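In what follows, a single structure is set out as structure tokens and then discussed.
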There are 2 protein chains.
Amino acid sequence: MGARETRQQIVDVADRLFYEQGFETTSFADIAASVGLSRGNFYYHFKTKDEILDAVIVQRVANTRSMLMAWEQEAVSPTECIRRFIRILIANRPKIMAYGCPVGTLCNELAKLKHVAKDDATGPFALFRDWLGRQFVRLGRKKDADALALHLLMRSQGIATLATAFGDVDFIDREVADMEAWLHSQRPASPNADSLQPA
Amino acid sequence: MGARETRQQIVDVADRLFYEQGFETTSFADIAASVGLSRGNFYYHFKTKDEILDAVIVQRVANTRSMLMAWEQEAVSPTECIRRFIRILIANRPKIMAYGCPVGTLCNELAKLKHVAKDDATGPFALFRDWLGRQFVRLGRKKDADALALHLLMRSQGIATLATAFGDVDFIDREVADMEAWLHSQRPASPNADSLQPA
DNA sequence: GTCTATAATCCGATAGAC
DNA sequence: GTCTATCGGATTATAGAC
């Protein structure tokens, strides 16, 4: 197998294990074993654990960016775009209930570790924030677009944390419905801003 | 020093370190050094790390319970009670921005570890949930009291996570104000339910 | 109740053969 | 590029002197 494929496998496995087990808990041996690699060979691809973390964060940011770009091209209205963000909680419900949000939990862990990559880990958050803000601008809420974006991000994080803690399957549904009701109560400043949205 | 005082010191230090560094990251040596105890003597008081975790959780639940009982006796109206809960975010802002919420971050960590104390760690959440639910019942919202309680808990968790991630000092103020506005928009079903509340 | 000494294990990381 | 072997250090935990 080529070095590039092996490296990609390592990043994919590390991405999953950092999410499911946490960054510090996941050892080189865990990743190597899950890839089917010897510990020794591992260091041919990554010199330190922090290098793997950087690679995982870079990949998450890239994946998030391309997902958001695709959503913006597929979904016609800003309201529909925002709704797609909200529905992440439904689409990923099983994993969220087991492990929380990949971004939020990693940020929390790295903050406690005072890790150098602490700020880099917020990258996906920053992308969501900018993208959601852009949707609210399109909705005619230019003045408070960023605050509204942070508000939605805040809600999704709170829902993820409580869903993990309580393991209540109905809770996510209820709060997602409440978020969508909130979204539709946000009246656009200019009446035609979301004219393409159905009904 | 007596065994009880030493044990109490260990629990206090462990409580702080589990919060600031995380549970797994904190070693026996860390706790022992911070108390000023040798590693060997440590095992006289606690046999395993899980025993310390249990003691920390028990103490947190006890502290939360007495805090909520005191609030209920001091604050006259349910609205004022709920507002005290919301204001936790202001009172603990510096620590929250550095380390997040002690309960939420511990629950997240233990969930990833599939730790046996995973469910016990939600104890303070359950207390807040019941207590907030009781306030909403007093407000005349008996039917959806629990959902409203979870909604407030959810918001406080989301605010804590984003405050830690972005380090934005104004964000907490803005969202706390929004929470209080939300609270006052929750009309009581029976008009005199919150009659003791000032203005 | 407190200490030193130490066992057993696992960690991240390196060296070197193939 | 992959392997085995291993180092130095940190970890949880125990035994036993004082």
Side-chain angles (χ1 to χ4, degrees), chain A residues 1-58 106 109-110 112-118 120-121, chain B residues 1-58 106 109-110 112-118 120-121:
Chain A
M1 177 152 38
R4 248 191 51 231
E5 286 91 348
T6 304
R7 194 196 135 97
Q8 183 60 44
Q9 270 193 316
I10 290 175
V11 174
D12 287 340
V13 166
D15 191 354
R16 182 174 58 83
L17 291 182
F18 288 170
Y19 177 37
E20 295 178 355
Q21 305 184 348
F23 170 67
E24 261 235 319
T25 309
T26 302
S27 68
F28 277 25
D30 286 336
I31 305 173
S34 194
V35 177
L37 228 58
S38 76
R39 256 154 297 143
N41 185 23
F42 197 96
Y43 287 85
Y44 173 79
H45 301 279
F46 288 98
K47 306 269 185 289
T48 70
K49 200 177 171 183
D50 289 351
E51 272 186 31
I52 311 177
L53 177 60
D54 285 339
V56 167
I57 292 175
V58 165
L106 182 62
E109 184 178 0
L110 296 184
K112 283 180 200 285
L113 296 174
K114 302 194 189 301
H115 195 283
V116 286
K118 172 175 86 84
D120 294 333
Chain B
M1 178 154 35
R4 246 191 53 231
E5 285 92 346
T6 304
R7 194 195 135 96
Q8 184 59 44
Q9 269 193 316
I10 291 175
V11 175
D12 287 340
V13 165
D15 190 354
R16 182 175 58 83
L17 291 182
F18 288 170
Y19 176 36
E20 294 178 355
Q21 307 182 346
F23 169 67
E24 260 235 321
T25 308
T26 302
S27 67
F28 276 26
D30 286 336
I31 305 174
S34 194
V35 177
L37 227 60
S38 76
R39 257 153 298 145
N41 185 25
F42 198 95
Y43 287 85
Y44 173 80
H45 301 279
F46 288 99
K47 305 268 185 291
T48 70
K49 201 175 169 183
D50 290 352
E51 272 186 32
I52 311 177
L53 177 61
D54 285 340
V56 167
I57 292 175
V58 165
L106 181 64
E109 185 179 358
L110 296 184
K112 284 181 199 286
L113 296 174
K114 301 193 190 301
H115 195 283
V116 286
K118 173 174 86 84
D120 294 332

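Quantities reported herein were computed from a predicted structural model and do not represent experimental measurements. Quick note on labels: first sequence line is chain A, next is B, and so on, each numbered from 1. Every heavy atom of this structure was used, including side-chain atoms; hydrogens, water molecules and symmetry mates were not.
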**OP:** Respond yes when some side-chain nitrogen or oxygen of Tyr43(B) is under 4.0 Å from OP1 or OP2 of dT14(D), and no when none is.
**Re:** no

**OP:** Start with the C-alpha gap between Leu37(B) and Gln9(B), add the side-chain angles, then the distance that decides, and say whether side chain to side chain contact (heavy atoms under 4.5 Å, CB included) holds.
**Re:** CA-CA 10 Å; Leu37(B) 227 60; Gln9(B) 269 193 316; over 6 Å; no

Original post:
Among dC11(C), dT12(D), dC3(D), which is the nearest nucleotide to the side chain of Leu37(A)?
Top reply: dC3(D)

**OP:** Using the closest heavy atom to pick a nucleotide of DNA chain C for each, name whichever of Ala29(A) or Asn41(A) lands nearer the 5' end.
**Re:** Ala29(A)

Original post:
So, is Ser38(A) close to the dG1(D) phosphate, meaning a side-chain N or O under 4.0 Å from OP1 or OP2?
Top reply: no

Subject >> Interatomic distance where CZ belongs to Arg39(B) and C1' belongs to dT4(C) [whole Å] >> reply: 10 Å

Original post:
Rounded to the nearest Å, what distance is computed from the CG atom of residue Asp50(A) to the P atom of nucleotide dC11(C)?
Top reply: 17 Å

Original post:
Contact class for Phe28(A) vs. all strands (heavy atom < 4.0 Å): base, sugar-phosphate, or nothing?
Top reply: sugar-phosphate

Subject >> Spacing between Glu5(B) atom CD and dT2(C) atom P, to the nearest angstrom >> reply: 10 Å

Original post:
Which part of the nucleic acid does Thr26(A) contact within heavy-atom distance under 4.0 Å: base, sugar-phosphate only, or nothing?
Top reply: sugar-phosphate

Original post:
What's the CZ-P distance between Phe46(B) and dG1(C), to the nearest Å?
Top reply: 13 Å

**OP:** Give a yes or no answer on whether the side chain of Asp30(B) reaches the backbone of Ser27(B) with a donor-acceptor pair at less than 3.5 Å.
**Re:** yes

Original post:
Nearest-Å distance, NE2 (His45(B)) to C1' (dT12(D))?
Top reply: 17 Å

**OP:** In sequence, state the C-alpha distance, the side-chain angles, and the governing distance for Phe46(B) and Phe28(B), and then conclude on ring pair (Phe, Tyr, Trp, His ring centres under 6.0 Å).
**Re:** CA-CA 10 Å; Phe46(B) 288 99; Phe28(B) 276 26; 8.7 Å; no

Subject >> Arg4(B) CZ - dG1(C) C1' separation (whole Å) >> reply: 16 Å

Original post:
Separation of Phe42(A) atom CZ from dT4(D) atom C1', in whole Å?
Top reply: 17 Å

Original post:
If you check the Thr6(A) side chain, which of dC3(C), dT2(D), dG1(C) turns out closest?
Top reply: dT2(D)

**OP:** Check for a donor-acceptor pair, side chain of Thr26(B) on one end and backbone N or O of Leu17(B) on the other, with a separation under 3.5 Å.
**Re:** yes

Original post:
Looking only at side-chain N and O atoms, does Tyr44(A) come under 4.0 Å of OP1 or OP2 in dT2(D)?
Top reply: no

Original post:
Starting at CG of Asp30(A) and ending at P of dC10(C), how long is that distance when rounded to a whole Å?
Top reply: 11 Å

Original post:
Would you call the rings of His115(A) and Phe23(A) parallel, tilted or perpendicular if under 30° counts as parallel and over 60° as perpendicular?
Top reply: perpendicular

